[in-house]
S.K.: 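The structure follows.
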Amino acid sequence: MKINQFAVYQVKDGAEYREIRFRPYDELQQKNIRVCSDSYNQVYLSYMSPKETVENLHARFRQHLPKNFPGHSISTSDVYVVNRDGVVSAFYVDRDKLIVLAGFLRLNSSGTLISMDTTGYRIEGKGGSWVACEELIVDGRQFFLMQSEDYRENAAYVILSEDGKIAVESCKGFDEAAIEQIRKFLHPPEEQKPAPAKPPLENWQKYLENGEYLRSAEMSEEQNYSFIDGRINNLPKPRVIGGRVSALDRLHIKQAEMAIRNGKPVPENIINRSDERSRK
């Protein structure tokens with residue numbers, strides 16, 4: 001099921017949040033103040049149209065708030081968090097624009113290795129050091145866009161998961177192609193295991209499976225029962241009585257075939273018939 005929903009976050013009440021509330025984004029950057037959800041309350045959550053953009057949403061909320069909206073009017077320092085089919089993005093409401101906000105939501109995990117504060121990071125197989133410059137949440141997992149500290153925009157980006165694994169080797173940023181590769185990283189195709197080999201069949205099993213006994217399965221050791229030498233090809237043919245093949249003879253011949261395959265004596269009635277055939 002595809003999810004398209006959004007939430008509105010507003011700065012918490014209290015004197016300790018005064019330096020964040022209603023402040024433009026560049027002022028917070030100058031003071032090295034990180035905008036994160038710890039300083040905010042989620043005041044509204046709802047669904048949105050798949051085609052609706054965050055800009056359309058912002059314009060709509062600036063003009064008219066829903067009746068059940070509990071917060072104040074949309075103002076500078078508010079944050080929209082949008083979830084489109086599992087891809088979560090945050091946007092800071094500045095004076096005259098929306099700013100993509102990295103690291104707003106923090107998914108605390110015991111395996112977290114990368115954060116928006118990561119600098120001087122070494123990536124296996126990649127030269128130089130790297131710094132986290134953007135963050136995106138996909139299907140509940142955090143991913144970080146890593147930039148080369150030596151070459152900056154002149155080198156391709158690398159995307160790492162929060163535990164430092166490479167999700168995308170080379171990309172231009174968090175575009176659709178990169179998100180598709182992230183999903184492949186999260187949901188790799190299942191390996192098709194080869195079907196288990198069938199155990200070799202005994203001769204009698206081959207007979208039952210194929211409906212007839214293969215010539216290659218004939219016994220090589222002769223068993224001398226009168227004129228029967230232990231080979232199925234030497235068994236007598238069923239008699240023709242009244243223009244019809246004897247069903248009883250066919251049954252006896254089948255019994256003899258099974259006996260030969262299993263190394264058992266051929267029934268006496270087949271031996272007697274062979275003796276009779278030799279005398280004729």
S.K.: Quick check: closest heavy atoms across E162 and Q142, and the distance to 0.1 Å?
M.R.: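 Nearest pair, atom of E162 first, then Q142: OE1-O, 2.8 Å.
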S.K.: Tell me, with the steps shown, if L98 and V93 meet side-chain contact (heavy atoms from CB on, under 4.5 Å).
M.R.: CA-CA 5 Å; L98 296 175; V93 178; 3.8 Å; yes
S.K.: Test: ring pair (Phe, Tyr, Trp, His ring centres under 6.0 Å). Region: residues 49-73. Which pairs qualify, not counting sequence neighbours?
M.R.: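 Of all non-adjacent pairs touching residues 49-73, those that pass ring pair (Phe, Tyr, Trp, His ring centres under 6.0 Å) are F6-F61, F22-H72, Y44-F61, Y44-F69, H58-Y80.
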S.K.: Test E19 against V11 for side-chain contact (heavy atoms from CB on, under 4.5 Å), laying out the working first.
M.R.: CA-CA 10 Å; E19 62 179 357; V11 179; over 6 Å; no
S.K.: Can you tell me how far the NZ atom of K126 sits from the OG atom of S170, to the nearest 0.5 Å?
M.R.: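 Spacing of NZ (K126) from OG (S170) equals 6.0 Å.
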S.K.: When you group the ILVMFWY residues by side-chain heavy-atom contacts below 4.5 Å and let the links chain together, are L105 and F174 in the same group?
M.R.: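 Shared cluster, no.
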S.K.: Between CZ of R21 and OG of S39, what distance do you get to the nearest 0.5 Å?
M.R.: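 OG of S39 is found 10.0 Å from CZ of R21.
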S.K.: Just wondering, do Y121 and V158 contact through their side chains at under 4.5 Å, heavy atoms?
M.R.: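 SC-SC contact between V158 and Y121 ruled out.
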S.K.: Quick check on the hydrophobic clustering: are I179 and I137 connected, directly or via other members, by side-chain heavy-atom contacts under 4.5 Å?
M.R.: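 Looking at the clustering, I137 is in a separate group from I179.
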S.K.: Evaluate whether atom CD of E124 has more than 12 neighbouring non-hydrogen atoms of other residues, nucleotides or ligands under 6.0 angstrom away.
M.R.: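 Atom CD in E124 is not packed in, count stays at 12 or less.
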S.K.: Identify whether F185 and I166 are in the same connected component of the hydrophobic contact network (ILVMFWY, side-chain heavy atoms under 4.5 Å).
M.R.: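 F185 does not cluster with I166.
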S.K.: Quick one: pull up CG in D139 and CZ in R183 and give me the separation to the nearest 0.5 Å.
M.R.: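 It comes to 4.5 Å.
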S.K.: E135 and A102: which non-hydrogen atoms are nearest, and at how many Å?
M.R.: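 That would be N-CB, 3.7 Å.
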S.K.: Would W130 and S148 count as a side-chain contact (heavy atoms from CB on, under 4.5 Å) if you check the C-alpha gap in whole Å, the side-chain angles of each, and the deciding distance to 0.1 Å?
M.R.: CA-CA 5 Å; W130 299 74; S148 169; 4.0 Å; yes
S.K.: Grouping I, L, V, M, F, W and Y whenever their side-chain heavy atoms are under 4.5 Å apart, do V43 and L57 come out in a common cluster?
M.R.: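 Looking at the clustering, L57 is in the same group as V43.
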S.K.: Among pairs that include at least one residue of residues 82-104, which meet ring pair (Phe, Tyr, Trp, His ring centres under 6.0 Å), considering only residues two or more places apart or in two chains?
M.R.: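 Only Y9-F104, Y25-Y92, Y40-F104 qualify under ring pair (Phe, Tyr, Trp, His ring centres under 6.0 Å).
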S.K.: Once rounded to the nearest 0.5 Å, what's the spacing between atom CG of L160 and atom NZ of K165?
M.R.: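 Reported value, rounded in 0.5 Å steps: 12.0 Å.
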S.K.: Rounded to the nearest 0.5 Å, how far apart are NZ of K12 and CD1 of I20?
M.R.: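 Answer rounded to 0.5 Å: 10.0 Å.
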S.K.: Please tell me whether L145 and V87 are part of a single hydrophobic cluster in this structure, the criterion being side-chain heavy atoms less than 4.5 Å apart.
M.R.: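 Linked, L145 and V87 end up in one cluster.
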S.K.: Find the distance between OG (S89) and CG (L136) and round it off to the nearest 0.5 Å.
M.R.: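 That separation rounds to 5.0 Å.
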S.K.: Are V81 and Q42 close enough that some pair of their side-chain heavy atoms sits under 4.5 Å apart?
M.R.: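 Answer no - side chains too far apart.
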S.K.: Write down the atom of A178, the atom of I159, and the distance for their closest heavy-atom approach.
M.R.: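 What the structure gives for the nearest pair is CB-CD1, 3.8 Å.
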S.K.: Specify the closest pair of heavy atoms between L45 and A7, including all atoms of both residues, with the distance to one decimal.
M.R.: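 Looks like CD1-CB, 3.9 Å.
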S.K.: Not counting sequence neighbours, which residues clear ring-ring contact (aromatic ring centres under 6.0 Å, His included) with Y157? List them please.
M.R.: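 Result, ring-ring contact (aromatic ring centres under 6.0 Å, His included) vs Y157: none returned.
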S.K.: Nearest heavy-atom pair of V79 and A90: which atoms, and what distance?
M.R.: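 Closest approach of V79 to A90: CG1-CB, 4.2 Å.
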S.K.: Return yes when atom CZ of R34 has more than 12 non-hydrogen atoms of other residues, nucleotides or ligands closer than 6.0 Å, and no otherwise.
M.R.: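 Result for CZ/R34: enclosed.
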S.K.: For R95, look at atom CZ and say whether over 12 heavy atoms of other residues, nucleotides or ligands are found less than 6.0 Å away.
M.R.: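 Atom CZ in R95 is not packed in, count stays at 12 or less.
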S.K.: Taking everything shown except Y151 itself, do over 12 heavy atoms lie less than 6.0 Å from its OH?
M.R.: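 Open.
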S.K.: Work out which heavy atom in S161 is nearest to a heavy atom in R141; give both atom names and the distance.
M.R.: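 For S161 versus R141, the nearest heavy atoms are CB-NH2, 3.7 Å.
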